[in-house]
Amino acid sequence: NAGVTQTPKFQVLKTGQSMTLQCAQDMNHNSMYWYRQDPGMGLRLIYYSASEGTTDKGEVPNGYNVSRLNKREFSLRLESAAPSQTSVYFCASRVGISGNTIYFGEGSWLTVV
Amino acid sequence: GQQVMQIPQYQHVQEGEDFTTYCNSSTTLSNIQWYKQRPGGHPVFLIQLVKSGEVKKQKRLTFQFGEAKKNSSLHITATQTTDVGTYFCAGIKGNQFYFGTGTSLTVIP
């Protein structure tokens, strides 16, 4: 049982390039999330999807887009990468609206130069 | 907007000393959860507190949820080197998780 799988694990981008971070979960969870983690800032929510077919902005959505492709997959796209988007990105999922545990992927380390 | 503050940001302790991290919310929470993130790893769920004034223990870890459901604490007794990492609280309100900024614990052997 893989849990939450995200790819790639490491990526270096040049300013202005685009890329998509992929995330898939095999736990049949309804809700999925994308967070970024920066030193001293904790985990900040970028976008989330409460259920298949819906997406909502979180705390820091600017510069990002998301797609809930199906129940399993939730991708995060950077259309024009900026150095301020250098961060560690975590995908996460949980069963649904009931305060259940969030399960995190292993993280994607992104550097924009 | 919703804010969850966590203190201290960093803590260095000698192995065997106790450690406490505190979490405070600007509003009343439904539940609160605690997560641990090892260096280079991802956050992993530790526990959830639901009831006002609730206290839960996991071996050397004691978790408390305040009476007003706006604050929480995690206390580790007699720290070990395996306790190293960052501890996050997460306040829950509806479908939203509000993570604290985390407390990074270093244990000196």
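All chains are named by letter (A, B, ...) in the order of the sequence lines, taking the proteins before the strands, and each is independently numbered beginning at 1. Model, not experiment: these values are computed from the prediction.
For the atom pair CZ (B:Phe88) and CD1 (A:Ile102), the distance works out to 12.5 Å, reported to the nearest 0.5 Å. Rounding to the nearest 0.5 angstrom, the gap separating the OG1 atom in A:Thr101 from the CG atom in B:Leu46 is 10.5 Å.
For a residue to count as touching a neighbouring chain, one of its non-hydrogen atoms must lie under 4.5 Å from one of that chain's; by this rule B:Gln37 touches chain A with the side chain only. A:Leu43 touches chain B through backbone and side chain together, each having a heavy atom under 4.5 Å away. For chain B, the nearby part of A:Gln37 is the side chain; its heavy atoms alone come within less than 4.5 Å.
A:Val88 and A:Val12 are not part of a single hydrophobic cluster, where members link through side-chain heavy atoms under 4.5 Å apart. No continuous path of hydrophobic side-chain contacts links A:Leu110 to A:Phe104 [ILVMFWY only; heavy atoms under 4.5 Å]. Hydrophobic clustering (ILVMFWY, side-chain heavy atoms < 4.5 Å, transitive): B:Tyr98 and A:Ile46 are in distinct clusters. No continuous path of hydrophobic side-chain contacts links B:Val50 to B:Leu61 [ILVMFWY only; heavy atoms under 4.5 Å]. There is a path of hydrophobic side-chain contacts, each under 4.5 Å, that joins B:Ile76 to B:Val13.
Of all residues in residues 13-21 of chain A, none places a non-hydrogen atom less than 4.5 angstrom from a non-hydrogen atom of chain B.
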May I have the list of side-chain donor-acceptor pairs in residues 61-69 of chain A shorter than 3.5 Å, sequence neighbours left out?
residue : atom : partner : partner atom : Å
A:Tyr64 : OH   : A:Arg36 : NH1          : 2.9
A:Tyr64 : OH   : A:Tyr89 : OH           : 2.7
A:Arg68 : NE   : A:Asn70 : O            : 3.0
A:Arg68 : NH1  : A:Asn30 : O            : 2.9
A:Arg68 : NH1  : A:Ser49 : O            : 3.4
A:Arg68 : NH1  : A:Ser49 : OG           : 2.7
A:Arg68 : NH2  : A:Asn30 : O            : 2.9
A:Arg68 : NH2  : A:Lys71 : O            : 2.8

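Counting non-hydrogen atoms of neighbouring residues, nucleotides and ligands closer than 6.0 angstrom, the CD atom of A:Glu106 reaches no more than 12 such neighbours.
The residue from A:Phe90, A:Tyr33, A:Tyr35 that alone fulfils the ring pair (Phe, Tyr, Trp, His ring centres under 6.0 Å) condition with B:Phe99 is A:Tyr35.
For A:Tyr48 and B:Phe97, the ring centers sit 6.0 Å or farther from each other.
Every residue was checked against the ring pair (Phe, Tyr, Trp, His ring centres under 6.0 Å) condition with B:Tyr22, not counting sequence neighbours, and none meets it.
Listed by first and then second residue, the ring pair (Phe, Tyr, Trp, His ring centres under 6.0 Å) pairs that reach into residues 36-62 of chain B are B:Tyr35-B:Phe45, sequence neighbours excluded.
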